[in-house]
Engineer: 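Have a look at this one before I ask anything.
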Amino acid sequence: MFVALAHAFRTPDLRKKLLFTLGVIVVYRVGTHVPIPGVDYSSVQQCVDQTATSQGLFGLVNLFSGGALLQITIFALGVLPYITASIILQLLTVVIPRLEALKKEGQTGTAKITQYTRYLTVALAVLQGTGLVATARSGALFPNCAVAGQIVPNRSVFTTVTMVITITAGTAVVMWLGELITDRGIGNGMSILMFISIASTTPSALWAIKQQGSLADGWIEFGGVIIVALALVGLVVFVEQAQRRVPVQYAKRMIGRRSYGGTSTYIPLKLNQAGVIPVIFASSLLYIPSLLAQFSSGNSEWKTWVTGTLSRDDHPIYIVTYTVLIVFFAFFYVAITFNPDEVADNMKQYGGFIPGIKAGRPTAEYLRYVLTRITWPGALYLGFIALIPTIALATSGGSQNFPFGGTSILIIVGVGLETVRQIESQLQQHHYEGFLR
């Protein structure tokens with residue numbers, strides 16, 4: 001691995017892309033520590049220190065922002081508005097014929113959809129930024145902090161608008177930095193920034209576990225977490241690489257005096273076709289009742305039930321609901337992103353067929369059958385990865401400040417594998433051996 005890394009930095013083109021990517025990452029991490037105007041930074045730091053082990057409802061957003069959300073910095077929203085906008089556009093592509101037509105136009109249509117994604121990202125940033133400022137002003141961002149109401153000392157309209165504009169502009173800059181990495185660096189820019197945001201919170205979380213531990217000055221707990229994390233990473237790598245290869249045979253065709261086709265290939269259907277999207281959807285949906293309960297006044301019956309069940313990660317109702325939502329969204333996302341009828345039509349158009357299966361409708365039914373069979377273990381795997389840290393910590397009575405949650409591991413491993421593949425492909429162009437051997 002170190003030899004391959006040395007070869008990567010000796011290759012001028014690859015070295016330039018790697019250094020550019022590292023430079024953008026540095027700029028992004030600096031921005032996550034620059035507070036927005038109108039915020040009392042000392043009060044924020046005091047509240048962050050008091051709630052370091054329990055981030056409540058905003059844990060997922062804070063995870064994607066690399067800790068910038070609770071710090072209320074210019075990059076407080078991180079990459080989440082862009083990810084949300086991308087998912088919304090991807091879902092609307094199936095519903096709106098105009099977007100579906102743009103998708104089929106190739107590079108021109110993709111550029112237009114990307115432009116729509118940017119506009120939607122800015123709109124979501126305005127909406128989420130307004131919600132963040134309102135939450136910070138009310139003190140609900142840190143409900144257990146004594147000075148939470150002093151975070152925004154100036155409640156004027158001008159200060160509020162300035163804060164929202166600053167957060168929106170910061171989100172636009174994050175989107176621009178991600179596109180710069182995609183165009184001139186290595187890997188997908190937004191995925192890289194998301195990877196850095198999650199990885200940046202890991203060392204502090206690990207050290208917090210060590211400090212809170214009681215066995216051998218916390219080193220036993222620290223080592224146990226590392227072992228569990230390595231086992232989970234190995235499982236994720238194994239499943240993410242797993243795929244069902246559906247063989248496809250292309251018949252020979254004579255065009256003039258030349259013979260075309262007669263080749264054999266396959267359709268790679270991944271075991272986890274949906275990626276981390278179902279986990280994000282399920283987490284976001286489960287946060288809505290808890291968020292409504294937190295902002296509602298009084299002690300109604302439904303608020304008590306939501307606070308006692310859906311707001312607790314270790315409650316059986318929460319665990320069952322979370323698993324059911326992950327399985328549902330896994331099937332839902334696969335259904336809208338992979339169209340067996342379209343794949344069967346394209347194969348039939350170019351003379352391809354699956355051995356033993358008739359072209360056309362039987363091929364589509366066979367692909368649908370295979371996809372359903374492999375989506376079940378993929379969905380259950382996502383539920384297991386997302387819940388195993390919660391179940392383990394609830395069983396052992398440990399702290400919930402676990403740095404290797406299901407979402408974190410899936411994103412870190414997925415982005416890491418994809419980035420390594422891209423570096424490998426460029427190394428092989430220069431006749432060097434890659435990382436994965």
Side-chain angles (χ1 to χ4, degrees), residues 27-48 51 55-89 114-180 190 193-194 197 284 287-288 290-297:
V27 173
Y28 173 68
R29 288 305 301 163
V30 170
T32 57
H33 292 86
V34 179
I36 63 175
V39 173
D40 185 357
Y41 191 66
S42 60
S43 298
V44 171
Q45 286 300 115
Q46 184 176 345
C47 289
V48 169
T51 59
Q55 297 171 350
L57 299 174
F58 306 97
L60 182 66
V61 184
N62 192 59
L63 176 70
F64 283 108
S65 65
L69 175 76
L70 297 182
Q71 301 280 352
I72 319 180
T73 64
I74 58 175
F75 291 167
L77 299 180
V79 299
L80 197 59
Y82 186 87
I83 295 172
T84 307
S86 302
I87 294 174
I88 292 175
L89 261 296
T114 302
Q115 195 69 20
Y116 292 156
T117 305
R118 293 169 183 164
Y119 295 148
L120 184 57
T121 300
V122 174
L124 290 175
V126 173
L127 182 64
Q128 296 175 3
T130 304
L132 174 61
V133 173
T135 305
R137 287 179 53 178
S138 65
L141 187 62
F142 302 99
N144 299 322
C145 181
V147 296
Q150 305 173 14
I151 290 177
V152 184
N154 190 346
R155 306 295 180 87
S156 65
V157 176
F158 176 78
T159 302
T160 303
V161 172
T162 302
M163 294 171 69
V164 173
I165 292 176
T166 304
I167 292 175
T168 305
T171 303
V173 172
V174 170
M175 180 173 58
W176 176 64
L177 293 175
E179 293 183 353
L180 280 180
M190 300 309 296
L193 295 182
M194 185 165 53
S197 298
S284 303
Y287 281 154
I288 294 177
S290 302
L291 192 62
L292 294 176
Q294 183 174 356
F295 283 101
S296 65
S297 57

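Nothing fancy with the numbering, it's 1 onward along the sequence. What's counted below: heavy atoms across the whole structure, side chains too, no hydrogens, waters or symmetry copies. All of these numbers come straight from a predicted model, not from anything done at the bench.
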Engineer: Working to the nearest 0.5 angstrom, can you tell me the gap between Leu89 CG and Gln115 CD?
Structural biologist: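 Answer rounded to 0.5 Å: 11.0 Å.
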Engineer: Does some side-chain heavy atom of Val152 sit less than 4.5 Å from a side-chain heavy atom of Val133?
Structural biologist: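 Counting from C-beta outward, Val133 and Val152 never come under 4.5 Å.
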Engineer: Going by side-chain hydrogen bond (donor to acceptor under 3.5 Å, both in side chains), name the residues that satisfy it together with Tyr41, two or more places apart in sequence or in a different chain.
Structural biologist: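 For Tyr41, the residues satisfying side-chain hydrogen bond (donor to acceptor under 3.5 Å, both in side chains) (neighbours in sequence not counted) are Gln45.
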Engineer: Test: salt bridge (Lys or Arg N to Asp or Glu O under 4.0 Å). Region: residues 118-138. Which pairs qualify, not counting sequence neighbours?
Structural biologist: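 Pairs touching residues 118-138 that pass the test: Arg118-Glu179.
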Engineer: Who pairs with Arg29 by salt bridge (charged side-chain N to carboxylate O under 4.0 Å, His left out), at least two apart in sequence or on another chain?
Structural biologist: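 Checked Arg29 against salt bridge (charged side-chain N to carboxylate O under 4.0 Å, His left out); zero matches.
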Engineer: If you round to the nearest 0.5 Å, how far is CD1 of Ile36 from CD1 of Ile165?
Structural biologist: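 The distance works out to 11.5 Å.
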Engineer: Testing the basics here: between Gly131 and Thr135, what is the closest heavy-atom pair and its distance to 0.1 Å?
Structural biologist: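 The pair with the smallest heavy-atom distance is O-OG1, 2.6 Å.
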Engineer: Which donor-acceptor pairs under 3.5 Å do the side chains of residues 72-86 make with protein atoms, sequence neighbours left out?
Structural biologist:
unit_1	atom_1	unit_2	atom_2	d
Thr73	OG1	Thr32	O	3.2
Thr84	OG1	Leu80	O	2.8
Ser86	OG	Tyr82	O	2.9

Engineer: Any chance you could measure Gln46, atom CD, to Ile151, atom CD1, to the nearest 0.5 Å?
Structural biologist: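 Going from the CD atom of Gln46 to the CD1 atom of Ile151 covers 9.5 Å.
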Engineer: Which atom pairs, donor and acceptor, lie under 3.5 Å between side-chain atoms of residues 166-177 and protein residues at least two apart or in another chain?
Structural biologist:
unit_1	atom_1	unit_2	atom_2	d
Thr166	OG1	Thr162	O	2.7
Thr168	OG1	Val164	O	2.8
Thr171	OG1	Ile167	O	3.0

Engineer: Going by the rule side-chain hydrogen bond (donor to acceptor under 3.5 Å, both in side chains), which residues pair with Ser43 if we only count those two or more places apart in sequence or in a different chain?
Structural biologist: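 For Ser43, the residues satisfying side-chain hydrogen bond (donor to acceptor under 3.5 Å, both in side chains) (neighbours in sequence not counted) are Asp40.
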